[in-house]
Amino acid sequence: MKDYINWKRTKFAAEIGEDDYNTEVTLCGWVQYTRDLGKMAFIHLRDRSGVAQLTALSKTMDKEIFDLIVSVPRESAISVRGIVKQSTQAKAGWEIIPYKVKVMGKASTPLPLGVVDKVEADMDTRLDNRFLDLRKPHIQSIFMIRSTILNAAREVFLEEDFVEIQTPKIVATATEGGTALFEMNYFDKKAYLNQSPQLFKQTMMATGLDRVFEIGPAFRAEEHDTVRHLNEYTSIDCEMAWGDLDDSLEILEKVIQRAYSNVLNTNYMDLENLQHKIVSPERPFPRLKYGEIIEKLASIDLEMADEVSGKKRTIEWGDDIPLEGFREIAKDRPSLYFVTEWPMKLKPFYIQPSPDDHEISQGFDLNYGEKELVSGGQRVHDPGQLKTLIKERGLDLEGFKFYLKAFDYGMPPHSGWGLGAERLTMIITGLSNVRETVLFPRDKHRLTP
RNA sequence: GCCCCGAUGGUGUAGCGGCCUAUCAUCUCGGCCUGUCGAGCCGAGGACACGGAUUCAAAUUCCGUUCGGGGCGCCA
């Protein structure tokens, strides 16, 4: 039989108020809970905005509708038409007296994952049933916040005259090196999933677009198994010409600050759902020199394994700062700070040395406590110098042909950075596992869903 | 790449040689209930990852496999 009723939603649960008393509404959502008292039943209907209570009385309603509404399995998708009634007994002050119900999508039982159960599920179970996991308001909040963060970045870039670009994710050469890549077959040729847009965005500096940004995926085939790594992550990248490192840092500060303030302004309910409080950071962010950090760590005798001998020794200038070292620094600096003036050998080949000291680079990191958020710097734009640095690292010039070509025909000075979108989301939401901030995370063990 | 840890109903767990025909909660199904909102009450259902070994006896010990969690390095 054809259904002639228009089941389009007229209100979200959270939109209902005094003005709606004694009017008809159509709500669409999921049956969160059914409390059947025999001749009377309460159904909690959840939509994106919140929960509405439907109060069904067998005496005053069609028996068929009553039986349907009390028997529909929880988490089924239903549409309900009813009258909003004021009620002192209902928590919201109102309730819906339904008179028409349509089951749009019946849920099977039992659920692989309870949406409102009192028992928590493991991350693995949750990810296997992510669509159900996402029905939990506090999980949805993570992705509401993530969306705000990405848009805040976009907002700042566009205000600052950047052009949004997309660079290829399938590439022929082993790009910048330093990480394992996923290999793939490209019409019988070997190809790789790109680890970062670095070389492409730099190439754009030779075009006259001057300021570009990209928000897109990056792939790393590292078999790391930690709460802060993903094999596919979202990189917020930018590159700008004709300026110096400070211009880059300023844009970065603005992006981070805007992300915080937009989340504070628009996602206060989501922060509440996550029971997390944040404070917008003030600019400029503190700047720590690599050398100062090493001094501090050496003064407390932080030990680390020597790269060559493997023996334990005190940290010294030239060593990379281990996580344990950053944990020490985080005791005094639990929030955002830049780390500048890294030794050249700890930074990639495309980072420019300082004009005063060729051992020191113009590369920087942005940390939040012990967490690394951003990496960037002033780039080498002289083709001769760039070739030398590539060779010094033992990399094959042949693989960088397309990149180097752009430097041979008028490359202006430029700088830029890459920000891990998930790491920023993790910090702003206060979550401890980066997987929480991705709908369908890719890690060493997980390829589905 | 290196190192730890774990696997018990749909979900989350207890048990750590015989007391296990396996605990509790949640869940599912059936019954009662006209004001529930962590509903309540009565009844029922459902599990020891897989393979091997030790033992009179294994969920429990050992080995292997598979799957999962975490740490380090590296990075965003």
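The chains referred to below are lettered A, B, ... by the order of the sequence lines, with proteins before strands, and numbering in each begins at 1.
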Visitor: When you measure only distances, ignoring hydrogens and angles, does the side chain of Q53(A) come within 3.5 Å of the base of U36(B) through a donor and an acceptor?
Guide: yes

Visitor: At 4.0 Å (heavy atoms only), tell me whether L424(A) reaches a base, stays on the sugar-phosphate, or touches nothing.
Guide: nothing

Visitor: Would you measure the distance from the C1' atom in U21(B) across to the matching atom in A47(B) and give it in whole Å?
Guide: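 Rounded to whole Å, the distance is 14 Å.
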
Visitor: Choosing from C37(B), G35(B), G73(B), which nucleotide comes nearest the side chain of R35(A)?
Guide: C37(B)

Visitor: Which distance, rounded to the nearest 0.5 Å, do you find between the CZ of R423(A) and the OH of Y233(A)?
Guide: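 R423(A) atom CZ to Y233(A) atom OH measures 8.0 Å (nearest 0.5 Å).
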
Visitor: Given that both distances must come in under 3.5 Å, which nucleotide forms a Watson-Crick or G-U wobble pair with A7(B)?
Guide: U66(B)

Visitor: In whole angstroms, how far is the P atom of C75(B) from the CD atom of E370(A)?
Guide: 17 Å

Visitor: Side chain of L230(A) only, please: which of G1(B), A76(B), G73(B) is the nearest?
Guide: A76(B)

Visitor: So which nucleotide does A39(B) pair with, by the Watson-Crick or G-U wobble rule with both distances under 3.5 Å?
Guide: none

Visitor: Taking the minimum atom-to-atom distance to the side chain of V227(A), which one of C33(B), G71(B), C37(B) wins?
Guide: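 Minimum distance to the V227(A) side chain belongs to G71(B).
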
Visitor: Does R446(A) reach a base, just sugar-phosphate, or nothing at all? Heavy atoms under 4.0 Å.
Guide: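 The answer is nothing, as R446(A) stays clear of every strand by at least 4.0 Å.
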
Visitor: Under a 3.5 Å cut-off for both distances, is C75(B) Watson-Crick or wobble paired, and to whom?
Guide: none

Visitor: For atom P, what is the distance between G43(B) and U60(B), given to the nearest Å?
Guide: 33 Å

Visitor: Within the structure shown, what part of the strands sits under 4.0 Å from V374(A) by heavy-atom distance: base, sugar-phosphate, or nothing?
Guide: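 Here V374(A) touches the backbone only, sparing every base.
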
Visitor: Test for a donor-acceptor pair under 3.5 Å between the base of G35(B) and the side chain of E95(A), counting only N and O atoms.
Guide: yes

Visitor: Looking at the side chain of A121(A), which of G71(B), G12(B), C37(B) is the nearest nucleotide?
Guide: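 Given the options G71(B), G12(B), C37(B), the side chain of A121(A) is closest to G12(B).
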
Visitor: Under 4.0 angstrom, heavy atoms only, what part of the nucleic acid is S375(A) near: base, sugar-phosphate, or nothing?
Guide: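 Touches sugar-phosphate only.
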
Visitor: As an exercise, state the distance from OG1 of T314(A) to CG of D319(A), rounded to the nearest 0.5 Å.
Guide: 10.0 Å

Visitor: Taking the P atom of each, how far is C74(B) from G12(B), in whole Å?
Guide: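 Looking at atom P only, C74(B) and G12(B) are 35 Å apart.
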
Visitor: Kindly say whether, by distance alone, the side chain of R423(A) makes a donor-acceptor pair under 3.5 Å with the base of C75(B)?
Guide: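 Yes.
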
Visitor: Looking at every strand, decide which applies to E120(A) at a 4.0 Å heavy-atom threshold: base, sugar-phosphate, or nothing.
Guide: sugar-phosphate

Visitor: Quantified in whole Å, what is the P atom distance between nucleotide A25(B) and nucleotide U66(B)?
Guide: 38 Å

Visitor: Does Y233(A) stack onto the base of A76(B), taking stacking as ring centres under 5.5 Å apart and planes under 30° apart?
Guide: yes

Visitor: Starting at the 5' end of RNA chain B and moving along, which residue's nearest nucleotide shows up first, V119(A) or Y33(A)?
Guide: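 Its nearest nucleotide being more 5', the pick is V119(A).
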
Visitor: Over how many whole Å does the gap from H445(A) atom NE2 to A7(B) atom P extend?
Guide: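 Interatomic distance, NE2 of H445(A) to P of A7(B): 17 Å.
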
Visitor: Between D122(A) (CG) and U11(B) (C1'), how many Å, whole number?
Guide: 9 Å

Visitor: Give, for atom CE of M123(A) and atom CG of D133(A), the distance between the pair rounded to the nearest 0.5 Å.
Guide: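 Nearest 0.5 Å value for the CE-CG distance: 9.0 Å.
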
Visitor: Scan P73(A) against the nucleic acid and name what it touches under 4.0 Å (heavy atoms): base, sugar-phosphate only, or nothing.
Guide: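 Result for P73(A) = nothing.
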
Visitor: Expressed in whole Å, how much space separates the P atoms belonging to A7(B) and C62(B)?
Guide: 12 Å

Visitor: If I take atom CD in residue Q195(A) and atom P in nucleotide C75(B), what distance separates them, rounded to the nearest angstrom?
Guide: 11 Å

Visitor: Mind checking S58(A) for me? I need base, sugar-phosphate or nothing, with any heavy atom below 4.0 Å counting as a touch.
Guide: nothing

Visitor: Distance check, P atoms only: U23(B) and G9(B), in whole angstrom units.
Guide: 14 Å

Visitor: Would you indicate what K371(A) reaches in the nucleic acid, counting non-hydrogen atoms under 4.0 angstrom: base, sugar-phosphate, or nothing?
Guide: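 Here K371(A) touches no strand at all.
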
Visitor: Report the distance from atom CD of E222(A) to atom P of A76(B), rounded to the nearest whole Å.
Guide: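 The distance from CD of E222(A) to P of A76(B) comes to 11 Å, rounded to the nearest Å.
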
Visitor: For N433(A) and G68(B), what is the distance between atoms CG and C1' respectively, to the nearest whole Å?
Guide: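 These atoms are roughly 13 Å apart.
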
Visitor: Expressed in angstrom and rounded to an integer, what is the separation of W417(A) atom CH2 from C75(B) atom C1'?
Guide: 17 Å

Visitor: Going by modelled atom types, is there a donor-acceptor pair between the base of C74(B) and the side chain of H229(A) at under 3.5 Å?
Guide: yes

Visitor: When rounded to the nearest Å, what value does the distance between C1' atoms of A58(B) and C19(B) take?
Guide: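 So the two C1' atoms sit 15 Å from each other.
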
Visitor: Looking at E64(A), I want to see if its CD is surrounded by more than 12 non-hydrogen atoms of other residues, nucleotides or ligands under 6.0 Å.
Guide: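 Counting neighbours around CD of E64(A), 12 or fewer heavy atoms of other residues, nucleotides or ligands fall under 6.0 Å, so no.
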
Visitor: If you measure from the Lys or Arg side-chain nitrogens to the Asp or Glu carboxylate oxygens, is any gap between R46(A) and E75(A) under 4.0 Å?
Guide: yes

Visitor: So do R130(A) and I139(A) actually touch side chain to side chain, heavy atoms under 4.5 Å?
Guide: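 The answer is yes, as the side chains (C-beta and beyond) meet within the 4.5 Å cut-off.
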
Visitor: When the ring centroid of F400(A) is compared with that of Y350(A), is the distance short of 6.0 Å?
Guide: no

Visitor: G18(B) pairs with which nucleotide, Watson-Crick or G-U wobble, both distances below 3.5 Å?
Guide: C56(B)

Visitor: Have a look at F338(A) and tell me which of Y290(A), F364(A), W417(A) forms a ring-ring contact (aromatic ring centres under 6.0 Å, His included) with it.
Guide: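 It is F364(A); the other options fail the test.
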
Visitor: Base, sugar-phosphate, or nothing for R46(A), non-hydrogen atoms under 4.0 angstrom?
Guide: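 R46(A): no heavy atom of the nucleic acid under 4.0 Å.
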
Visitor: Write down the partner of U28(B) under the Watson-Crick or G-U wobble criteria, each distance required to be under 3.5 Å.
Guide: A44(B)

Visitor: Describe the nucleic acid contact of T234(A) in one word from base, sugar-phosphate, nothing, applying a heavy-atom distance below 4.0 Å.
Guide: nothing

Visitor: Reckon R74(A) touches a base, only the sugar-phosphate, or nothing at all at heavy-atom distances under 4.0 Å?
Guide: sugar-phosphate

Visitor: Could you work out the separation of C33(B) and G68(B) based on their C1' atoms and round it to a whole Å?
Guide: 44 Å

Visitor: Would you say CZ of R393(A) has more than 12 non-hydrogen atoms from neighbouring residues, nucleotides or ligands within 6.0 angstrom?
Guide: yes

Visitor: R220(A) has a side chain; which of U36(B), G10(B), C75(B) sits nearest to it?
Guide: C75(B)

Visitor: Check every strand shown and say whether A90(A) touches a base, only sugar-phosphate, or nothing at a heavy-atom separation below 4.0 Å.
Guide: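 Here A90(A) touches the bases of the nucleic acid.
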
Visitor: Let me know, please, whether G114(A) or L373(A) comes out on the 5' side of the other along RNA chain B by nearest nucleotide.
Guide: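 Comparing both residues, the 5'-ward one is G114(A).
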
Visitor: The side chain of P112(A) is closest to which nucleotide in this list: A76(B), G10(B), G35(B)?
Guide: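 Side chain of P112(A) sits closest to G10(B).
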
